[in-house]
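The figures that follow rest on heavy atoms only: side chains count, while hydrogens, waters and symmetry mates do not. Worth saying up front: this structure is predicted, and the values here are computed from it rather than measured. Here, residue 1 is the first one in the sequence, and each next residue gets the next number. Atoms within a ligand are numbered from 1 in the order they appear, just like the ligands themselves.
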Amino acid sequence: MSVRTISTQPFTDQKPGTSGLRKKVTVFQKPHYLENFVQSIFDSIAAPGGATLALGGDGRYYNREAIQVILKMAAANGFGKVLVGRGGILSTPAASCVIRKYQTFGGIILSASHNPGGPDGDFGIKFNSSNGGPATETVTEAIFARSKVINEYRILDAPDVALDEIGETMLGAMRVQVIDPVSDYADLMESLFDFAAIRNLLAGGFRIKFDAMHAVTGPYAQEIFVKRLGAPAGDVINAVPLEDFGGGHPDPNLTYAHDLVEALYGDNAPDFGAASDGDGDRNMILGRKFFVTPSDSLAVIAANATLVPGYRKGVAGIARSMPTSAAADRVAQTLNIPCYETPTGWKFFGNLMDAGKVTLCGEESFGTGSDHVREKDGLWAVLFWLNILAVRKQPVETIVRAHWAKYGRNVYSRHDYEGLPAEAAQGVMKHLKDCFAELPGAKFGKYTVRFCDDFSYTDPVDGSVSKGQGIRIIFTDGSRIVFRLSGTGTEGATLRIYLEAYEADTSHHHLDAQMALADLIRIALGLSELELRVMRNKPTVIT
Ligand code: G1P
Ligand code: ZN
C-alpha cells in the first residue's frame, strides 16, 4: 500500500457555514471536491503524528463512499488510529461523546443534518475538535483559507475497509477500529438520567411515541427506549434509517414530522411525543395536542434541572442563540445564574461549556443540549423531558402552562422564506440596515422601537469577535423581530424572521402564537418590504 500525492486545483466555494460544509451530493461527487476539503482540514488542524480521529455520519447517501475516502486520507496523513462507527454510522451527539470518551484528537462528522438526502439531496462534512464540539470559527476560517490555495492531497492506495463488523483492521500503518455506534452514547444517557423512574413511568401506562424520521436515531431510540426503558417496540416509528430518509425532510417540526403530529393530535393520542432529525442532534417535544416551542423547552429544562440525577447539583449558567426567545433568561434570573446570548450555531457554546460558565444551551431551531457533550442532543432532550415527567407526574401541557404562569410567556415563532434569489434576500437585509438611523423611537401601534443593530458577539473566553449575525429590532417592552440569512442552505438564500412577544398576563396564555404575534408579523413585513422584494406572499415554513 503506497501513499499517492494527487495534484488538484482549489475550489472557491468550500467555506464552512453555520455547521460545516454543506453542498448537494452532486457537488461532493465532483472529482477531488471531497478530497480537497478533507486535506484542507488535515492541513489546518496540525494533528500530531499517530493521533486518533473519530469518524462517522448520519448514514445518508454518499456516507459510505466518503468514509472510505477519509479513512485512506487519514492513513496517508499520519493518523495512528480512527474510531469509526459500524456501517460508518455515528449520530452527531454520539460522535461528540466518542471524541470525549476516548480523548481523540478530534472527529470528522458526515451530515447535512435535517436537509433531505439521496442522490439529489444534500451532503455535509465538518470537523469537531478534541472537546467534542464543532471547530471554532478560527479553525473553520483556516480550513477555508487552505481550501483556496490547496494544490495536492495525500491518499493511501488501498482497498476499501470492511465497516459492518466490530473489530480492528490495519490500513497501512493506521489502525481502523470499528465501534458500536450506539452503546457509548446509551451508557452516557443512562449515567445522566433516572432510567428506573422512566421505566416505572412507562410501565404505569404512560404512552410515548418517538419519530426517528428514517434517520440516524432509529437504532439509538430502539436501544434506549425499547431495550433499556421497556417501551413497546411500536413506540418508535420510522425507525429504520434510510439513505434518503424515505424521501422525507428529516427535520423535527410540526410541518415535517407529520406522522408524529397526526398521532399526538389524533384520537387516543399518546401522552408524549418526540422526534429527532437526520443526524440526531435536534428534537421536537409534544404533549397530547400540545407543542412545546424549543425556546420554552430550554427554559422548562433549566427550571426543572435539579429533578434529574445528572444535574442535581444545579446549573452553572445557560446560553442561548440570539434569535432564541428570552424564556431561558427569565429562569436564569430567578436561579441567579448568568445567561449568555451567542450567535446562531452550536460552535459558539463550546468555549462557554469548556470554561464551566454554562451547563445548558439551546437554540430556537429545535436544538437543546448540555455540557455532557459539545453538540446539541436530540435524544438527551427527550430523556430530560421523560425524567421530569417521571418525577412531576403531570401532563406536558400542565408543566408548560405552570411555567408560563410563574415566568410569563415568551410567545414565539419563526417564519422561513426558503429558496429565494440570493440578491433579493441580501437586498432585504441591506434595506433594513439602511433604516437603522430612523428606527429608534419609531412607533408601530403599541410597539415602540428601543434599538436596532446587526448583532455582534465577543466571545468572553477567547475574545474573538463575530460580526453580522442578524438584524435585531427590539421594542421597549422587550418584544423583538430578528432577521437573518441562513448559513446552512444549499439552494438560493433562506431568510428567517424570528418573532417574539412577552406576555405576562395568564389570561392571554391560551392564545395561538400566530394570532398573538399578528402585529409583530405585520410590522416585520412592512419594515422589510419583504413580500415585494422577494415576490412571495407567505413563508415556506412556520415553526
Ligand atoms: C440552522 C439553525 C441554527 C442551527 C443550524 C444547525 O442554521 O437556524 O440554529 O445551529 O441550523 O443545525 P441556519 O440555517 O439558520 O444558519
Ligand atoms: Zn442536525
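Glu363 OE1, 2.7 Å is the protein heavy atom nearest to atom 10 (O) of ligand 1. For atom 7 (O) of ligand 1, the nearest protein heavy atom (residue, atom name, distance) is Thr488 CG2, 3.5 Å. In terms of protein heavy-atom proximity, atom 6 (C) of ligand 1 is nearest to Lys376 NZ, 3.5 Å.
Among the atoms of Asp281, an N, O or S atom falls under 2.8 Å from the Zn ion (ligand 2). For the Zn ion (ligand 2), the N/O/S atoms of Ser113 include one lying under 2.8 Å.
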From CA spacing to verdict: salt bridge (charged side-chain N to carboxylate O under 4.0 Å, His left out), Arg480, Glu341:
CA-CA 14 Å; Arg480 302 190 305 166; Glu341 187 176 37; 3.5 Å; yes
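Around atom 15 (O) of ligand 1, the closest heavy atom drawn from Met322, Glu375, His114, Arg484 belongs to Arg484.
Of all the heavy atoms in Ser370 and His372, the pair that sits closest is OG-ND1, 2.7 Å. Nearest heavy-atom pair, Phe123 versus Asn63, reported as atom, atom and distance to 0.1 Å: CE1-N, 3.7 Å.
Distances from the Zn ion (ligand 2) to the N/O/S atoms of Asp277 are shortest for OD2. Distances from the Zn ion (ligand 2) to each N, O or S atom of Asp279 single out OD1 as the nearest.
Residue contact check for ligand 1: Arg414 places a non-hydrogen atom closer than 4.0 Å to it. Heavy atoms of Gly367 stay at 4.0 angstrom or farther from ligand 1.
Relative ring orientation between Phe210 and Phe225 is described as tilted, the plane-to-plane angle lying within the 30° to 60° band. Classification of the His114-His249 ring pair by plane angle, with boundaries at 30° and 60°, yields parallel. Under the 30°/60° scheme for interplanar angles, the aromatic rings of Phe348 and Tyr457 are found to stand perpendicular.
Near Gly345, the atoms of ligand 1 lying under 4.0 angstrom from a non-hydrogen atom of the residue are 10 (O). For ligand 1, the atoms lying closer than 4.0 Å to a non-hydrogen atom of Thr344 are 3 (C), 8 (O), 9 (O). Residue Arg496 approaches ligand 1 through these ligand atoms, each under 4.0 Å from one of its heavy atoms: 8 (O), 13 (P), 14 (O), 15 (O).
The N/O atoms of Ser365, backbone and side chain alike, include one that comes under 3.5 Å of an N/O atom in ligand 1. Checking only distances, Arg282 does come within under 3.5 Å of ligand 1, N or O to N or O. At under 3.5 Å, a nitrogen or oxygen of Gly487, whether backbone or side chain, sits near a nitrogen or oxygen of ligand 1. Considering backbone and side-chain N/O atoms, Asp281 never comes within less than 3.5 Å of an N/O atom of ligand 1.
Within the cation-pi definition used here (under 6.0 Å to the ring centroid, within 45° of the axis), Lys30 does not qualify as a partner of Phe28. Geometrically, Arg330 engages Tyr502 in a cation-pi contact, judged by NZ or CZ lying under 6.0 Å from the ring centre and within 45° of the ring axis.
Taking the six-membered ring for Trp and the full ring otherwise, the centers of Phe37 and Phe11 sit at least 6.0 Å from each other.
Side-chain atoms of Asn410 and Glu500 include a donor-acceptor pair closer than 3.5 Å. With hydrogens and angles left out, the side-chain atoms of Trp380 and Thr368 include no donor and acceptor closer than 3.5 Å.
In Ser486, the parts holding a heavy atom less than 4.0 Å from any atom of ligand 1 are both the side chain and the backbone.
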